[in-house]
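What you see below is based on every heavy atom in this structure, not just the backbone, and it leaves out hydrogens, waters and symmetry mates.
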Amino acid sequence: MGSCFPKQIERRKAISTERKSMRDLHQSCGEDFPACALRPSDRKNWMAGLNPEKLHIHNILWPGTHDSATNKIGFPCITRPFAQCQTLSIYQQLVIGTRVFDIRVQKDRRVCHGILVTYSIDVVIRDIKKFLSETKSEIILLEIRTEHGHDDPPDFEQYLVHQFGEVLIHQDDNVFNKTIAELFPKRIICVWKPRNSPQPKTGGLLWSSEHLKDDWINTDLPSTKFESNLKYLSEQPPISARTFFYRVENTVTPQPDYPIVCVKPVTGRIHEYARLFITQCFSRGIEDRLQIFSTDFIDEDFVDACVAVTYSRIERKS
């Protein structure tokens, strides 16, 4: 017990120092990037609003969510605060403009986050199908993976193909250079990441793990994560020169050696700095590498920032 107390004091100091670093950077640099004032009039159809004939896949800054289907995970007020990363359903996220989803499943096809579980993957699929039926020009990037420590759902690749087959965009490196209009009526890029089962085959209806990459680090320190995101992003090739999606997560993770282990107050240390991150990408000359930008507890302002960057890329190419 005695040895833990000094460590807690040091951890608190470290967190406080890093939060101050983020505030100072924000105060000195602000939030200024091309088209940053843009607010789409219809977030539900924001891709349609940018003209599908001009909107290339590689020009999109995709707004995404981390642990996307955790809005009802665990038990309210008991276990939920330790695993909930979103308060909105998948359908609600789609309506406000989210276009990339991170879904974790276990053997029985229920969505999970660690040891906590929630509804079946069927709920996610129903939400997506409902949204697709209400829109015509929106493309979704759906990542489904077997959660760490769990077994793959049996025959899951076939299940996904059966559920989404007619709207799946098959794996093809040329997709990145196409406009979304050229992909219609296909609407979903589905990445399936099993733990033990075979990976989806090249050229198939599902995309494998090699086509969606990131460099996640396990920290609750906001400045450390912020700078790590910038560093790893700077090491990527430009979007126009790669044939995989690369994700940056504007999140931090609760740590077991610190008393605050609920998701919301911890990830809140970095959540408000999404626009600052985009600003830094432009100022450091690496905005052409930023492709998927994900967050916990997504809101309209986060979506608007991603749409603004996408709009600026289209205008620059015009």
Side-chain angles (χ1 to χ4, degrees), residues 18-19 21-43 45-51 54-66 93 96-100 138-139 141 176 179-180 214-215 222-242 245-252 267-318:
E18 295 224 355
R19 296 187 76 171
S21 295
M22 293 303 300
R23 290 193 300 270
D24 290 347
L25 181 63
H26 188 241
Q27 185 174 5
S28 63
C29 299
E31 302 172 351
D32 185 20
F33 51 88
C36 63
L38 180 75
R39 303 288 174 178
S41 59
D42 181 4
R43 294 185 182 90
N45 292 283
W46 69 262
M47 289 183 171
L50 295 182
N51 189 345
K54 293 183 177 181
L55 182 54
H56 288 80
I57 292 294
H58 67 248
N59 280 335
I60 299 170
L61 176 50
W62 301 75
T65 49
H66 165 247
Q93 292 176 48
I96 70 164
T98 308
R99 294 296 178 264
V100 179
E138 306 304 300
I139 303 292
L141 204 169
F176 295 93
T179 65
I180 63 172
D214 55 38
D215 287 291
S223 184
T224 295
K225 182 62 177 291
F226 191 91
E227 291 299 330
S228 171
N229 282 342
L230 288 166
K231 172 183 176 293
Y232 283 119
L233 183 63
S234 71
E235 295 169 355
Q236 302 305 311
I239 300 167
S240 59
R242 62 183 187 234
F245 292 96
Y246 185 80
R247 173 173 51 205
V248 173
E249 291 186 336
N250 190 57
T251 64
V252 288
T267 202
R269 297 168 191 163
I270 199 172
H271 185 271
E272 66 184 291
Y273 299 115
R275 285 179 175 265
L276 175 63
F277 184 84
I278 295 173
T279 300
Q280 287 295 296
C281 287
F282 275 92
S283 67
R284 301 187 192 196
I286 58 173
E287 73 81 23
D288 63 340
R289 292 155 172 75
L290 186 58
Q291 185 174 36
I292 297 174
F293 198 28
S294 291
T295 187
D296 292 324
F297 304 104
I298 197 164
D299 54 29
E300 290 88 346
D301 186 68
F302 186 92
V303 170
D304 291 354
C306 294
V307 176
V309 173
T310 304
Y311 172 81
S312 71
R313 289 172 174 172
I314 297 172
E315 290 299 299
R316 188 173 66 245
K317 298 293 183 182
S318 298

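- Pairing each heavy atom of Ile278 with each of Ala305, the nearest pair is CD1-CB, 3.8 Å.
- For Phe277, the ring-ring contact (aromatic ring centres under 6.0 Å, His included) partners at least two apart in sequence or on another chain are Phe226, Phe293.
- Using modelled atom types, one side-chain atom of Asn229 and one backbone atom of Glu249 make a donor-acceptor pair closer than 3.5 Å.
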Output, in order, the C-alpha distance, side-chain angles, deciding distance and verdict of salt bridge (Lys or Arg N to Asp or Glu O under 4.0 Å) for Glu235 and Lys231. CA-CA 7 Å; Glu235 295 169 355; Lys231 172 183 176 293; 2.9 Å; yes
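- Across all their heavy atoms, Pro222 and Ile270 have their closest contact at O-CD1, 3.7 Å.
- Contact check for Phe33 versus Arg275: side-chain heavy atoms found under the 4.5 Å cut-off.
- No side-chain heavy atom of Thr179 sits under 4.5 Å from any side-chain heavy atom of Lys54.
- With a 4.5 Å cut-off on side-chain heavy atoms, Leu61 and Arg313 count as touching.
- A distance below 6.0 Å separates the ring centres of Phe176 and Phe245.
- Side chains of Arg39 and Asp301 form a contact here, defined as non-hydrogen atoms less than 4.5 Å apart.
- Between Asn51 and Ile314 there is no side-chain heavy-atom pair separated by less than 4.5 Å.
- For Arg247 (side chain) and Asp214 (main-chain N/O), no donor-acceptor pair under 3.5 Å exists by modelled atom type.
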Using side-chain contact (heavy atoms from CB on, under 4.5 Å), reason through Thr251 and Lys225 one step at a time and then give a plain yes or no. CA-CA 8 Å; Thr251 64; Lys225 182 62 177 291; 3.4 Å; yes
Before giving the answer on side-chain contact (heavy atoms from CB on, under 4.5 Å), spell out for Asp304 and Arg43 the whole-Å C-alpha distance, their side-chain angles and the decisive distance to 0.1 Å. CA-CA 8 Å; Asp304 291 354; Arg43 294 185 182 90; 2.7 Å; yes
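- Closest approach of Thr279 and Cys29 over heavy atoms only: CG2-O, 4.3 Å.
- Listed for the Trp46 side chain is a donor-acceptor partner under 3.5 Å among the backbone atoms of Gly97.
- With respect to Leu50, the side-chain contact (heavy atoms from CB on, under 4.5 Å) criterion is satisfied by exactly one of Ile60, Thr310, Ile180: Thr310.
- Closest of all the heavy-atom pairs between Thr65 and Ser294 is N-OG, 3.8 Å.
- Here the CD1 atom belonging to Ile139 is positioned 6.0 Å from the CD1 atom belonging to Ile57, to the nearest 0.5 angstrom.
- Applying the side chain to side chain contact (heavy atoms under 4.5 Å, CB included) test to Thr224 and every residue at least two apart in sequence or in another chain returns Glu18, Ile217, Thr219, Leu221.
- With values rounded to the nearest 0.5 angstrom, Glu227 atom CD is found 8.0 Å from Met22 atom CE.
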Between Asp215 and Gln236, is a side-chain contact (heavy atoms from CB on, under 4.5 Å) present by the stated rule, with each step listed? CA-CA 11 Å; Asp215 287 291; Gln236 302 305 311; 3.7 Å; yes
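- In this structure a side-chain-to-backbone donor-acceptor pair under 3.5 Å is missing from Asp296 to His271.
- Within the model, atoms CZ of Arg284 and CG of Leu230 stand 4.5 Å from one another, a figure rounded to the nearest 0.5 Å.
- In this structure, OH on Tyr311 lies 7.0 Å from CG on Leu38, to the nearest 0.5 angstrom.
- Side-chain atoms of Arg289 never come within 3.5 Å of backbone atoms of Tyr246 as a donor-acceptor pair (strictly under, hydrogens ignored).
- Atoms CD and CZ, on Gln93 and Arg99 in that order, are 11.0 Å from each other to the nearest 0.5 Å.
- The two residues Ile298 and Gly64 make their nearest non-hydrogen contact at CD1-O, 3.8 Å.
- Between Tyr273 and Arg23 the shortest side-chain heavy-atom distance falls below 4.5 Å.
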Does Thr267 form a side-chain contact (heavy atoms from CB on, under 4.5 Å) with His66? I'd like the steps, not just the answer. CA-CA 11 Å; Thr267 202; His66 165 247; over 6 Å; no
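- Between Phe282 and Leu290 there is no side-chain heavy-atom pair separated by less than 4.5 Å.
- The side chain to side chain contact (heavy atoms under 4.5 Å, CB included) test applied to Asp32 returns Cys36, not counting sequence neighbours.
- The shortest distance between side-chain heavy atoms of Ile286 and Cys281 falls below 4.5 Å.
- For the pair Glu300 (side chain) and Ile96 (backbone), a donor-acceptor distance under 3.5 Å is absent.
- The closest side-chain donor-acceptor pair between Gln291 and His58, if any, does not fall under 3.5 angstrom.
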